[in-house]
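Numbers restart at 1 for each chain; the letters A, B, ... are given by sequence-line order, proteins then strands. No experiment lies behind these values; they were computed from the predicted model shown.
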Amino acid sequence: MPTYRAPRGTRDLLPAERPAWRHVADVARSLAHVYGYREIETPLFEQVDVFERGVGAVTDIVEKELFRLQPRTEDGETWALRPEGTAGVVRAYVQHGMQTWPQPVKLWLLGPMFRYDRPQAGRYREFWQWDVEAIGDAGPAVDAEIVELGLRFYDQAGLDDVEVLLNSIGDPACRPAYIERLVAFYRDHADVLPPAERHRLDANPLRLLDSKDPGMAAINATAPRLVDHLCEACATHFTEVQEHLDALGVPYRIEPGLVRGLDYYTRTAFEYYRRGREGQQQALGGGGRYDGLVELLGGKHTPGIGFALGLDRVILALEETGAEVPTESPPIAVVVGADPGATAERLRVATDLRAEGLNVRADLGVRKLGRQLESAAREGARFAIILGDELSEGNVQVRDLEAASQKVVAIDDLPALLSRKSQGG
RNA sequence: GUGGCCAUAGCUCAAUCGGCAGAGCAUUGGAAUGUGGAUCCAAAGGUCGCGGGUUCGACCCCCGCUGGCCACCCCA
């Protein structure tokens, strides 16, 4: 065992897996651009207050999972690593007066998030999210735009079995009354509530709706549904979101049990799952409307909506489905030599080719020629450039490792030859 | 945070009842002095996750810790 290893819940992303990650990030980046979202970067840590208000003080994320940083002085601020992206983005919106920009302000961010919970496959203490936020537009059309953008991302990333679960969780005008009804309903059935579920009645009654306890299924079947108790404004908004999705031809499934248990999350809530896997806890991504959040973080009342997609889980899903993802590309050529000591020549030839932008490896070891060619072939290089006696006349042997053919080429002609070949010519 | 399963070479895994730590892949060298992915031979690579206990003797049994995975919790 090594003396040191990556901290629990973190991991190294090794060279072989980076191309897949780069692919996923490239899809996110280019889609964001196409949809008119602009990139923002916020600090990896913020004042704890930003998260306690912005995420919610009584949420698991803040109560149990926040990575708090020790202040360096007695009177120092307390910071925490960001557990999600929205709070920091909204803080930046307020701080930089973005309410004076044309609305909505459409932003995206891609980076690591940190939560101190118990690791599992697809659940890490350091994980990556793509965050997309549209702040300053209350209308249902932007909800549909966001939901569709997420689906398109999964499709372009290479996952073709992703579906969106949709719900409306009301707003401060209608939700409190509904929760009262819901609690009253469960109290009527308190005698048959599984013990483990009873405490949630006080802590977070909405959560009972999507309980995985089989004993809850029968009770929940008759429970009052939030969608039936929306105020008129919320009901209209929900209907219009669906109309916009229908007009786009975006499929979705209404899931009345889908909740986001934070007070300032409002109306639209959605999560992305791989088809047939929504019973498992591993959402690929999720989002919703947060019309109260800007105000909570010190701004004017401003509507907003966004999503966070978990890139680790996308990578995991791509591996599971065996989807085609980019891999590392080998060098177009490897410079090898017959004389084990003549590494200076090999390095010089490679350097000149690299100056032309060609991906060329120089074999700088002291192995004999056969071994050098073996390595070059095994790593998938198309050509071996063999330095030998011909060098004195300015020539080298260029060996095509796929065709097993070989010819003498002037060193000066190498860049043109390799450039043509590396473009598939 | 709760419960369970697991941890042997860089990777994937063996090791019978408690009795000498192994294989394949990968790496390096040789067969083969300037010609490759195959083949053969060899080398190197180990605190059997860490610490303690039981025992004449522990990879093996017991306890604790660390880490991974699974189910909860919750989310991404």
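Looking at heavy-atom distances under 4.0 Å, Ile386(A) makes contact with a base. Gly122(A) comes within 4.0 angstrom of a nucleotide base, judged by non-hydrogen atoms across all strands. Residue contacts for Gln406(A): at a heavy-atom cut-off of 4.0 Å it reaches a base atom on one of the strands shown. Within the 4.0 angstrom heavy-atom criterion, no nucleotide atom of any strand lies near Glu126(A). Counting any heavy atom pair closer than 4.0 Å across all strands shown, Asp389(A) reaches a base atom. Within 4.0 Å (heavy atoms only), Gly388(A) reaches at least one base atom of the nucleic acid. Across all strands shown, Ala404(A) has heavy atoms under 4.0 Å from base atoms, whether or not it also approaches the sugar-phosphate.
Using a distance-only test at 3.5 Å, with no hydrogens or angles considered, a donor-acceptor pair links the side chain of Lys106(A) to the main chain of Tyr35(A). In this structure, His23(A) contributes its side chain and Ala157(A) its backbone to a donor-acceptor pair below 3.5 Å.
Per the geometry, CG belonging to Leu110(A) stands 13 Å off C1' belonging to A76(B), to the nearest Å. One interatomic measurement links the two molecules: CG of Leu369(A) to C1' of U35(B), which rounds to 5 Å at whole-angstrom precision. Summarising the geometry, the separation between CZ on Arg371(A) and C1' on A31(B) is reported as 9 Å, rounded to the nearest angstrom. When rounded to the nearest whole Å, the span between CG of Leu401(A) and P of A38(B) equals 14 Å. Here A76(B) presents its P atom at 12 Å from CD of Glu133(A), a figure rounded to the nearest Å. We find that NZ of Lys368(A) is positioned 9 Å from P of G29(B), with the value rounded to whole Å. Atom pair Arg123(A):CZ and C72(B):P shows a separation of 11 Å (rounding to whole Å applied). In this structure, Arg118(A) places its CZ atom 19 Å from C1' of A76(B), rounding to the nearest Å.
The environment of CH2 in Trp79(A) is sparse: at most 12 heavy-atom neighbours from other residues, nucleotides or ligands sit within 6.0 Å. Shown here is Glu324(A), whose CD atom has no more than 12 heavy atoms of other residues, nucleotides or ligands within 6.0 Å. Around the CZ atom of Arg125(A), the shell of radius 6.0 Å holds more than 12 heavy atoms that belong to other residues, nucleotides or ligands.
A salt bridge links Arg274(A) to Glu320(A): one of the charged nitrogens lies within less than 4.0 Å of a carboxylate oxygen.
Listed nucleotides: G34(B), C69(B), A76(B). Nearest to the side chain of Ala283(A): A76(B). Comparing G68(B), U35(B), A71(B) against the side chain of Gln397(A) picks out U35(B) as the nearest. With G34(B), C72(B), U35(B) as the candidates, the nucleotide lying closest to the side chain of Gln120(A) is C72(B).
When each of Asp131(A), Val147(A), Thr86(A), Leu149(A) is checked for a side chain to side chain contact (heavy atoms under 4.5 Å, CB included) with Phe307(A), only Leu149(A) meets the rule. Considering Asp143(A), Thr268(A), Asp171(A) in turn, Asp143(A) is the only one that fulfils the side-chain hydrogen bond (donor to acceptor under 3.5 Å, both in side chains) rule with Arg289(A).
The aromatic rings of Phe153(A) and Trp130(A) sit tilted, their planes meeting at an angle between 30° and 60°.
Once rounded to the nearest 0.5 Å, the distance linking CD of Glu163(A) with CZ of Phe270(A) reads 14.5 Å.
Comparing G64(B) with G57(B), their P atoms are spaced 23 Å from each other, to the whole Å. Distance noted for atom C1' between G3(B) and C60(B): 26 Å (whole Å). As rounded to the nearest Å, A26(B) and A9(B) have C1' atoms that lie 11 Å from one another. Across the P atoms, G22(B) and C62(B) are found 25 Å apart, a figure rounded to whole Å. The same atom, C1', is picked in U27(B) and in G10(B); the two are 9 Å apart, to the nearest Å. To the nearest whole angstrom, the two C1' atoms, one in A43(B) and one in G52(B), are 37 Å apart. Rounded to whole Å, the C1' atom of A58(B) lies 35 Å from the corresponding atom of G1(B). Going from the C1' atom of G18(B) to that of A23(B) covers 23 Å, rounded to whole Å.
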Using a cutoff of under 3.5 Å, can you pull out all pairs of nitrogen or oxygen atoms linking the protein to nucleotides 65-67 of chain B, with atom names and distances?
| from | atom 1 | to | atom 2 | distance (Å) |
| --- | --- | --- | --- | --- |
| U66(B) | O2' | Arg5(A) | NH2 | 3.2 |
| G67(B) | O4' | Arg5(A) | NH2 | 3.4 |

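When ring centroids are compared, His33(A) and Tyr37(A) stay outside the 6.0 Å threshold.
The side-chain heavy atoms of Ile332(A) and Phe383(A), taken from C-beta on, include a pair separated by under 4.5 Å. Looking only at side-chain heavy atoms (C-beta outward), Asn359(A) and Ser422(A) stay at 4.5 Å or farther from each other.
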Worksheet item: Could you spell out the base pairing of RNA chain B in dot-bracket, with Watson-Crick or G-U pairs whose two distances are under 3.5 Å, [ ] crossing and | to another strand?
Response: (((((((..((((.....[..)))).(((((.......))))).....(((((..]....))))))))))))....
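At a non-hydrogen distance threshold of 4.0 Å, Leu373(A), Glu374(A), Ala377(A), Arg378(A) from residues 372-381 of chain A come into contact with RNA chain B.
Side chains of Tyr93(A) and Glu133(A): a donor-acceptor N/O pair is absent below 3.5 angstrom, by distance only.
Along RNA chain B, the nucleotide nearest Tyr116(A) and the nucleotide nearest Val366(A) are compared for position; the residue whose nucleotide lies closer to the 5' end is Tyr116(A). Each of Arg367(A) and Asp400(A) has a nearest nucleotide on RNA chain B; the 5'-most of these lies closest to Arg367(A).
Lys64(A) has no side-chain polar atom (N or O) that falls below the 4.0 Å cut-off from OP1 or OP2 of U2(B).
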